[in-house]
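Each chain gets a letter, A, B and so on, in the order the sequences are listed, and its residues count up from 1. These numbers were taken from a predicted model, which means no experiment stands behind them.
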Amino acid sequence: MVSRFAARVYVLTSEVPRGKVTTYGAIAARMGKPGASRAVGAALRANPTPIVVPCHRVVKQDGELGGYGGPTGTGRKAALLRKEGVAVRGGRVDLSEYLFTWR
DNA sequence: GGAACGGCTAAGG
DNA sequence: GCCTTAGCCGTTC
C-alpha cells in the first residue's frame, strides 16, 4: 500500500519523458508542497515499482544526480540517463537542456 | 504513537 | 569555493 503522496510522486515521475530529467523540488512544488523535496526523495526511495517509475530521471535541483539506493547507484543512474539521451558529465546533468517541468 | 532517518534545498560561515 | 546549520516533509523502525 502506497501513500497518496508517494503515489502522486510516482505518477509525476513517470510523466517525465525519456531523455529528460526533473528535480525533487520541482515535483514537490508540483504537488503543492515546495518544501517537500525530501519527502519526494523518501517516496522515491520507497519506490515499489522501479521499472514503471523512472526514479533515475529525478535529479537534484543543482543538476547533480543525487542519490540512488547506494553509492554505486549514482553511477548506474548516470549510465541509464545517458542511454536515454541525457548527457551526463561529471555526475551532473545540464538542466538548462534536459530539465523537464509540468509548467 | 513517537523518534529517527533520508535519493533535498537554501542560507551562513 | 567548500563545509556547516537550519528548515521541511514523508517513510521507516
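Rounded to a whole Å, the CZ atom of A:R38 is 12 Å from the C1' atom of B:dA10. The distance from atom OH of A:Y68 to atom P of B:dC8 is 14 Å, rounded to the nearest whole Å. Rounded to an integer number of Å, the gap from A:R30 CZ to C:dG10 P is 17 Å. In this structure, CE of A:M1 is placed 16 Å from C1' of C:dT12, rounded to the nearest angstrom. Distance CD (A:Q61) to C1' (C:dC8): 15 Å, rounded to an integer number of Å. Computed from coordinates, the A:H56 NE2 to B:dG7 P distance equals 18 Å when rounded to whole Å. Per the geometry, CZ belonging to A:R8 stands 17 Å off C1' belonging to C:dT11, to the nearest Å. Taking atom CG of A:N47 as the reference point, atom P of C:dT12 lies 11 Å away to the nearest angstrom.
Taking side-chain N and O atoms only, A:S3 has a distance below 4.0 Å to OP1 or OP2 of C:dT11. The side chain of A:R45 places an N or O atom within less than 4.0 Å of a non-bridging phosphate oxygen (OP1 or OP2) of B:dG7.
Pairing each heavy atom of A:K20 with each of A:F100, the nearest pair is CB-CB, 3.7 Å.
As judged by a 4.0 angstrom heavy-atom cut-off over every strand, A:F5 is placed among residues touching the sugar-phosphate backbone only. The residue A:A6 sits close only to the backbone: its heavy atoms come under 4.0 Å of sugar-phosphate atoms, none of a base.
For the pair A:K77 (side chain) and A:V58 (backbone), a donor-acceptor distance under 3.5 Å is present. Without hydrogens or angle criteria, A:R57 side chain to A:V16 main chain gives a donor-acceptor distance under 3.5 Å.
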Review point. How far apart are the C-alpha atoms of A:L65 and A:H56, what are their side-chain angles, what is the distance that settles it, and do they pass the side-chain contact (heavy atoms from CB on, under 4.5 Å) test?
Key: CA-CA 8 Å; A:L65 297 187; A:H56 56 272; over 6 Å; no
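When both distances must be under 3.5 Å, the Watson-Crick or G-U wobble mate of C:dG7 is B:dC8.
Of the candidate nucleotides C:dG10, B:dG7, C:dG7, C:dG10 has the atom nearest to the side chain of A:A39. When each of B:dA10, B:dG7, C:dG10 is scored by its nearest atom to the side-chain atoms of A:A42, the top-ranked nucleotide is C:dG10.
By the 4.0 Å N-to-carboxylate-O rule, A:R89 lies too far from A:D94 to be salt-bridged with it.
The residue among A:K33 and A:S37 whose nearest nucleotide of DNA chain C lies closer to the 5′ end is A:S37.
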